[in-house]
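Since we're looking at a predicted model, the values are computed, not measured. Numbers here are sequence positions counted from 1. Remember, it's 1-based here, ligands and their atoms both numbered in the order they're listed.
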Amino acid sequence: MKKQNYYIKQISAIDTYAVRHPVLRAGKPITSCIFEGDDLETTMHFGIYDNDELVGVCSFLKNNNPKFPEFRQYQLRGMAVLKSQQGLGLGQELLKYCDTILKLEKTELIWCNAREVAVNFYKKNGYSPIGEPFNIKDIGPHFVMKKQLNPET
Ligand SMILES: CC(C)(COP(=O)(O)OP(=O)(O)OC[C@H]1O[C@@H](n2cnc3c(N)ncnc32)[C@H](O)[C@@H]1OP(=O)(O)O)[C@@H](O)C(=O)NCCC(=O)NCCS
């Protein structure tokens, strides 16, 4: 980890737009940052701050994927770190923190639709790709990836 003055906390859906917009929906209207389920009581959003500036976000939706037998699943969405702050370990720290929170919720499995360019990032964080790539309109090829959580560790 190449950063020192960072902290992580739970944030609101609206807070995530400051990072979702430039990183995941560049050039699109701000409304494209609103994800279905963002405001559900079971949805959690997290932000990583560098010197009090929000620089990375991710969200977890209680959304079971029928591909997987586990009962307690969360879907990871909107994983993004500002371009100027990428490659410094912030994304990894954010996911590590979220794993701890999700274990407290007794989560068994996290899954996501990973952009092809981010597959190696997720692999480094314990996720495995499942099956063949598929296309998401206007964004490109994606892989379903999953990570099993062990509540004992
Ligand atoms: C993908 C993303 C969230 C990673 O966050 P980050 O803070 O840049 O990643 P980290 O610095 O924590 O990287 C952790 C590890 O993953 C690797 N990694 C990071 N991004 C990677 C990428 N796109 N491809 C391959 N490896 C990557 C890093 O090299 C690092 O490995 P190391 O510890 O061996 O050096 C960030 O780069 C991003 O926002 N990208 C654009 C948006 C995006 O694609 N989001 C994913 C949508 S599914």
_Could you tell me if R20 sits above the aromatic ring of F35, with its cationic atom closer than 6.0 Å to the ring centre and no more than 45 degrees from the axis?_
yes

_Residue and atom name of the nearest protein heavy atom (relative to atom 21 (C) of ligand 1), distance in Å to one decimal_ = F121 CB, 3.7 Å

_Ligand-residue contact atoms, ligand 1 with N120, heavy atoms, under 4.0 Å_ = 25 (C), 26 (N)

*Looking only at heavy atoms, is any part of F143 under 4.0 Å from ligand 1, and if so is it the side chain, the backbone, or both, or is it neither?*
neither

*Does a side-chain heavy-atom distance below 4.5 Å link M145 with I130?*
no

*Run the numbers for me: atoms of ligand 1, each under 4.0 Å from some heavy atom of L90, listed by number.*
7 (O), 12 (O)

*Is K28 salt-bridged to D138, cutoff N-O under 4.0 Å?*
no

_Contact check, side chains of V81 and F121, non-hydrogen atoms, under 4.5 Å_ = no

*Quick one: which ligand 1 atoms are inside 4.0 Å of a heavy atom on A80?*
39 (O)

_Please determine whether the number of non-hydrogen atoms from other residues, nucleotides or ligands lying under 6.0 Å from atom CZ of F134 exceeds 12._
yes

*For residues Q10 and M44, determine if any side-chain heavy atom of one lies less than 4.5 Å from a side-chain heavy atom of the other.*
yes

*Is the shortest N/O to N/O distance between M79 and ligand 1 below 3.5 Å?*
yes

*Determine if the distance from atom 35 (O) of ligand 1 to the closest protein heavy atom is below 4.0 Å.*
no

*Atoms in ligand 1 with a heavy atom of L88 nearer than 4.0 Å*: 11 (O)

_Can you report which non-hydrogen protein atom sits closest to atom 44 (O) of ligand 1, along with the distance?_
R115 CD, 3.7 Å

*Which ligand 1 atoms are under 4.0 Å away from a heavy-atom of L24?*
42 (C), 45 (N)

*Give yes or no for whether the N/O distance cutoff of 3.5 Å, strictly under, is met between G87 and ligand 1.*
yes

*Selected option - heavy-atom contact closest to atom 30 (C) of ligand 1, from Q86, E93, K124, E116*: K124

*Tell me, with the steps shown, if D99 and K147 meet salt bridge (charged side-chain N to carboxylate O under 4.0 Å, His left out).*
CA-CA 10 Å; D99 278 1; K147 177 177 186 173; 2.6 Å; yes

*asked:* Closer than 4.0 Å to some heavy atom of V23 - which atoms of ligand 1 meet that?
replied: 39 (O), 41 (C), 42 (C)

*Can you tell me the protein heavy atom closest to atom 39 (O) of ligand 1 and the distance?*
V81 N, 2.8 Å

*asked:* Between ligand 1 and Q92, is the shortest N or O to N or O distance under 3.5 Å?
replied: yes

*Should we say atom CD1 of I14 is surrounded by more than 12 heavy atoms from elsewhere, each under 6.0 Å from it?*
no

*May I ask you to test the R115-L24 pair for a side-chain heavy-atom distance under 4.5 Å?*
yes

_Atoms of ligand 1 close to G91 [distance to a heavy atom under 4.0 angstrom, numbered from 1]_ = 5 (O), 6 (P), 7 (O), 12 (O)

*If two hydrophobic side chains count as joined below 4.5 Å and joins carry through other members, does L102 share a cluster with L61?*
no

*asked:* Quick test: of every protein heavy atom, which one is nearest to atom 23 (N) of ligand 1, and how far off is it to 0.1 Å?
replied: V117 O, 3.0 Å

*Ring-face cation contact, Y49 with K9, 6.0 Å cut, 45° max*: yes

*Identity of the nearest option to atom 11 (O) of ligand 1, non-hydrogen atoms only, from A118, G56, G89*: G89

